[in-house]
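The analysis underlying the following values was restricted to heavy atoms, covering all of them including side chains, and did not include hydrogens, waters or symmetry mates. Keep in mind that this is a model prediction, so the values were computed, not measured. Counting starts at 1 for both ligands and their atoms, following the listed order.
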Amino acid sequence: MKDKKINIAIFASGSGTNAQTILEYFKDNSSVEIKCIYSNNSDAYVLQRAQNFNVATKSFTNEEFYKSDKVLTHLQDNEIDLIVLAGFMWFVPSKLVSNFTLLNIHPALLPKYGGKGMYGHFVHEAVIKNKEKKSGITIHYVNNEYDKGDIIFQASCNVSPSDTAEELAAKIHKLEHQYYPITILKVVEKLLSETEN
Ligand code: GAR
């Protein structure tokens, strides 16, 4: 029997530095294929990054994402086993949550600084405004509520009183790049072991 491979779809909305580290990390892994990068923004730089790795891309409109099965069907046709959100700023509809395993990375220590409207720089601005001494990253499964799925991994960093949102974002990106790919690998290994049983 052919060895099982885990097919991954990455969803991203912007620059895609996390997507880039995931593409690099898995490029020589024969158990994983990054099948396609999906974006709600056809101009997102992440789509260029995908092309640099010869990975397929698919962008979609709000209407297509929420009111049609276009994305769901595309994922099913690609035989996707795992969806990885990497800077994806839209709420994921339940039709995807009920059909796939999904992971998200959030740029704060959930349950603090999560929920609707808490993404990207808004998170860092709120953390600084509240004079938090620590922030960090949370990698979690996605369920039907914003940032409420089971937590898989967290790592923290110090917030200095002088940090700007950009400086804090840079610290957070460093943690994300260090830990997201290896955490995805752990989930891949779990999925592979489940297919063996
Ligand atoms: C990352 O910091 C990620 O945690 C955050 O967007 C950034 C995307 O950066 N995601 C969210 O805020 C989701 N709620 P990137 O495009 O360079 O990977």
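- For atom 12 (O) of ligand 1, the nearest non-hydrogen atom of the protein is Gly120 N, 2.8 Å.
- Heavy-atom contacts of Ser15 reach the following atoms of ligand 1: 16 (O) (cutoff under 4.0 Å).
- A salt bridge links Lys190 with Glu194: the distance from a Lys NZ or Arg NE/NH1/NH2 to an Asp or Glu carboxylate oxygen falls below 4.0 Å.
- Follow the hydrophobic side-chain contacts under 4.5 Å out from Ile184 and you never reach Ile151; the two are in separate clusters.
- Ranking the protein heavy atoms by distance from atom 17 (O) of ligand 1 puts Thr17 OG1, 2.5 Å first.
- Residue contact annotation: Ile105 has a non-hydrogen atom under 4.0 Å from ligand 1.
- By the 30° and 60° cut-offs, the orientation of the rings of Tyr119 relative to Phe122 is perpendicular.
- Counting the atoms of ligand 1 from 1 in the order shown, those under 4.0 Å from a heavy atom of Gly87 are 6 (O), 8 (C), 10 (N).
- Of all protein heavy atoms, the one closest to atom 6 (O) of ligand 1 is Met89 CE, 3.3 Å.
- For the residue pair Glu176 and Asn18, a side-chain donor N or O sits within less than 3.5 Å of a side-chain acceptor on the partner.
- Under the 30°/60° scheme for interplanar angles, the aromatic rings of Tyr38 and Phe60 are found to be tilted.
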Report task. Just do the side-chain contact (heavy atoms from CB on, under 4.5 Å) check on Tyr113 and Asn130 with the steps written out, would you? Result -> CA-CA 11 Å; Tyr113 302 102; Asn130 287 345; 2.8 Å; yes

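- Of the candidates His173, His177, His124, the one placing a heavy atom closest to atom 9 (O) of ligand 1 is His173.
- Atom 11 (C) of ligand 1 has Pro107 CD, 3.6 Å as its closest protein atom, hydrogens excluded (heavy atom only).
- Gly16 N, 2.8 Å is the protein heavy atom nearest to atom 16 (O) of ligand 1.
- Considering backbone and side-chain atoms together, Glu176 places an N or O closer than 3.5 Å to an N or O of ligand 1.
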**Report entry** Full working for side-chain contact (heavy atoms from CB on, under 4.5 Å) between Phe153 and Lys186
**Finding:** CA-CA 11 Å; Phe153 178 85; Lys186 288 201 177 117; over 6 Å; no

